[in-house]
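Quick note on labels: first sequence line is chain A, next is B, and so on, each numbered from 1.
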Amino acid sequence: MAIQVYNTLTRRKEPFQPLEDGVVRMYVCGPTVYDKAHLGHAMSVMVYDIIRRYLEYRGYTVRHVMNYTDVDDKIIRRARELGEDPMALAEHYIEEFERHIRELGLLQPHVKPRVSQEIPWIVRIVEGLIEKNFAYVLEGGDVYFHVPQKPDYGKLSGRRLEDLQEGFRIEPDPRKKHPADFALWKAAKPGEPSWDSPWGPGRPGWHIECSAMNIHHLGEQIDIHGGGQDLIFPHHENEIAQSEAYTGKAPFVRYWLHNGLLMVGDTKMAKSEGNFVTIDDFLKEHEADVLRMMVLQSHYRRPLLFNEATVHQAEAALERLRGGMRPAFPQAPGLDAARVHELNHQAEEARRAFEEAMDDDFNTPAALAALFTLVRHINQARDAGATDAQLRKAQATLLELAGVFGLTLTPEGPATGDIAPFVDLLLEVRQELRRQKMWALADRIRDGLARLGIQVEDTPHGTVWRRKS
RNA sequence: GGCGGCGUAGCCAAGUGGUAAGGCAGGGGCCUGCAAAGCCCUGAUACGCGGGUUCGAAUCCCGCCGCCGCCUCCA
């Protein structure tokens, strides 16, 4: 059974079949680098990180491109406010985002192109669109894409040109031939970053960059294009129009994937809403896997609720998953072969359920449920007295599948490092105190260790300790 | 107004024609000197409301109510 993916273009789940066997060309809309990135950005990037990991798990070679928009109105405006150079400002936030990629545990995209470095390709494509009559040049050096020239315009977002004309809130530029026409190239205004072009100095419009980077780095047709649902219109709609008009090939993108937005209360998290939490602020309080767990617990196409309760729930769920990796009890007697065989069978069953869920449009909540079931089976076996060797296979499966999600289930238990002998010594003494029923002293050791971040647990099969997270 | 989507237990969240996964929180129990963890049992006669189709609907159709996103920069 092939992987099924929901395609925004057709509004259906379709069997996933890339253009070239075994190779997936994937482009993800990256950030506009004008300010600190927030969790909405992180969530989106993480969704496609998880999808990429699963495709690779499934044996595909994924070519993953994520862009940086480093030329843009917002960057220019903000740089002006701060009295900085726009390109320097962009560079600063690109470096910061690079740090986020590392800290969030994201796989590195293979190419991370920047608009400022793609100007020749952009110019080439705009020229091509003019030649083919899909674009026109205005006096002053602006170039616009002429939407009515592309009869299937609106096919991604389900809009018709007639509807669009009425909804226009901004006074359309009277020089445009049609109100929906959009800028491919903007003539430079004084003090703005600009590049030479056949139409005079200027800079690219918002949408053309993605077309150029796609065609340059992945080719004229790609398999997956991802981004937030708020990009469907106009950004991706325009991207299709330009790209298909330029190349004459359709579809430009075989599968359009759009993730739901991160919500705070009833509103999406956004800079303009003022309700955002920056990635840096979140990571001060929580580890990256907590965010990853939040993303996994909800299907990627649905909105994701962000609040204190959902963060806590993700934290608890992560702990539960990690609990499955705990070692056997010190004096575990071991299980009989049939029981071990059963556990290993349960692990294989978990893998099957995991794959079935992920094959169905990357249903991470259902796949996660399979992992929780496996954790319960491992815990049952451990409680029954399994040894480390007997748990090994099931735990390896758990570790591997959680790794496909990008989660790190640091094996817990006898911590490495210098403190282990000291803790063990204290626990030996405590054991003797317990034998003599000197509870107050025994508890003093346990409480003292707890204050130092060491959790002591007395099990039927011996006493264990671990670092508290 | 147009386009897209959502409404499932206290909370989060799968399921989209065959009789409601999973996680968190809660209750009871086992284990324990106590604790913690784990394990076992427990929760919606029920899936926004009202009709309809069907042997059968949370799942399909119609209507209504509420909510969100997009139509302007936005992951």
Side-chain angles (χ1 to χ4, degrees), chain A residues 8 11 28-32 34 37-48 66 69 72-74 77 154 156-160 162-170 180 206 226-235 237 258-263 265-273 293-294 296-299 301-305 307 309-321 323-324 326 329 353 357 360 363-373 375-376 378-384 434 437-440 442-443 446-447 450 455-460 464 466 468:
Chain A
T8 306
R11 296 198 187 84
V28 179
C29 278
T32 300
Y34 72 106
H38 59 69
L39 291 177
H41 303 113
M43 173 214 174
S44 181
V45 175
M46 204 169 261
V47 162
Y48 299 102
M66 184 196 79
T69 298
D72 169 88
D73 288 349
K74 291 196 294 293
R77 192 190 326 133
L156 179 70
S157 57
R159 275 153 229 262
R160 292 168 309 175
E162 308 85 77
D163 301 333
L164 284 170
Q165 299 209 50
E166 299 174 20
F168 269 84
R169 297 189 205 169
I170 284 190
W206 176 35
Q229 280 171 351
D230 52 355
L231 292 180
I232 294 171
F233 189 89
H235 186 52
E237 191 70 61
H258 289 97
N259 59 280
L261 303 178
L262 188 64
M263 308 293 289
D266 287 338
T267 329
K268 67 168 175 172
M269 181 179 288
K271 201 124 283 181
S272 52
E273 302 285 347
M293 193 54 110
M294 291 183 71
L296 290 167
Q297 281 185 306
S298 162
H299 187 89
R301 280 195 282 115
R302 302 287 262 258
L304 176 60
L305 259 53
N307 58 47
T310 57
V311 173
H312 170 260
Q313 287 170 10
E315 253 166 353
L318 184 60
E319 274 315 298
R320 169 124 183 105
L321 220 46
R326 287 183 192 167
F329 297 124
D360 183 14
N363 189 338
T364 56
L368 202 51
L371 297 194
F372 283 119
T373 301
V375 166
R376 192 171 71 252
I378 291 171
N379 289 341
Q380 284 168 341
R382 187 192 298 103
D383 278 1
R434 290 181 73 210
K437 299 197 187 303
M438 299 174 73
W439 309 123
D443 289 351
R446 184 175 65 197
D447 296 345
Q455 174 80 48
V456 175
E457 294 174 10
D458 301 312
T459 79
V464 297
R466 60 195 164 88
K468 277 194 289 195

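Each of A/A440 and A/G227 has a nearest nucleotide on RNA chain B; the 5'-most of these lies closest to A/A440. Looking at which nucleotide of RNA chain B each of A/P31 and A/D360 is closest to, the 5′-most match is held by A/D360.
In this model, the phosphate group of B/C39 is approached by a side-chain N or O of A/N379 to a distance below 4.0 Å at OP1 or OP2. Checking the phosphate oxygens (OP1, OP2) of B/C70, a side-chain nitrogen or oxygen of A/K268 falls inside 4.0 Å. For B/G4, neither phosphate oxygen OP1 nor OP2 lies less than 4.0 angstrom from any side-chain nitrogen or oxygen of A/S157. Within the structure, every side-chain polar atom (N or O) of A/R302 is placed at least 4.0 Å from both OP1 and OP2 of B/C67.
Nucleic acid contact class of A/I232 (heavy atoms, under 4.0 Å, all strands): none. When heavy atoms are screened at a 4.0 angstrom cut-off, A/R11 is found touching the sugar-phosphate backbone but no base atom. Looking at heavy-atom distances under 4.0 Å, A/T8 makes no contact with the nucleic acid at all.
Take A/S157 and apply the side-chain contact (heavy atoms from CB on, under 4.5 Å) test, not counting sequence neighbours, and it matches A/R159, A/I232, A/F233, A/E237. Applying the salt bridge (Lys or Arg N to Asp or Glu O under 4.0 Å) rule to A/R301 yields the partners A/D361; only residues at least two apart in sequence or on another chain are considered.
Minimum atom distance to the side chain of A/K74 is reached by B/C73, of the listed B/G33, B/C71, B/C73. The A/S272 side chain lies nearest to B/C73 when the options are B/C71, B/C73, B/A37.
To the nearest angstrom, C1' of B/C39 lies 14 Å from CD1 of A/I378. Protein atom CH2 of A/W439 is 4 Å distant from nucleotide atom C1' of B/G33, rounded to whole Å. B/A35 atom P lies 14 Å from atom CD of A/Q455, rounded to whole Å.
Checking A/N379 against A/R382 by side-chain atom types alone, a donor-acceptor pair falls below 3.5 Å.
Spacing between B/A13 and B/C24 at atom C1', rounded to whole Å, works out to 11 Å.
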Task: Annotated protein contacts, base or backbone, on nucleotides 17-32 of chain B with a non-hydrogen cut-off under 4.0 Å, one of B, S, - each - done: ----BSBB------S-

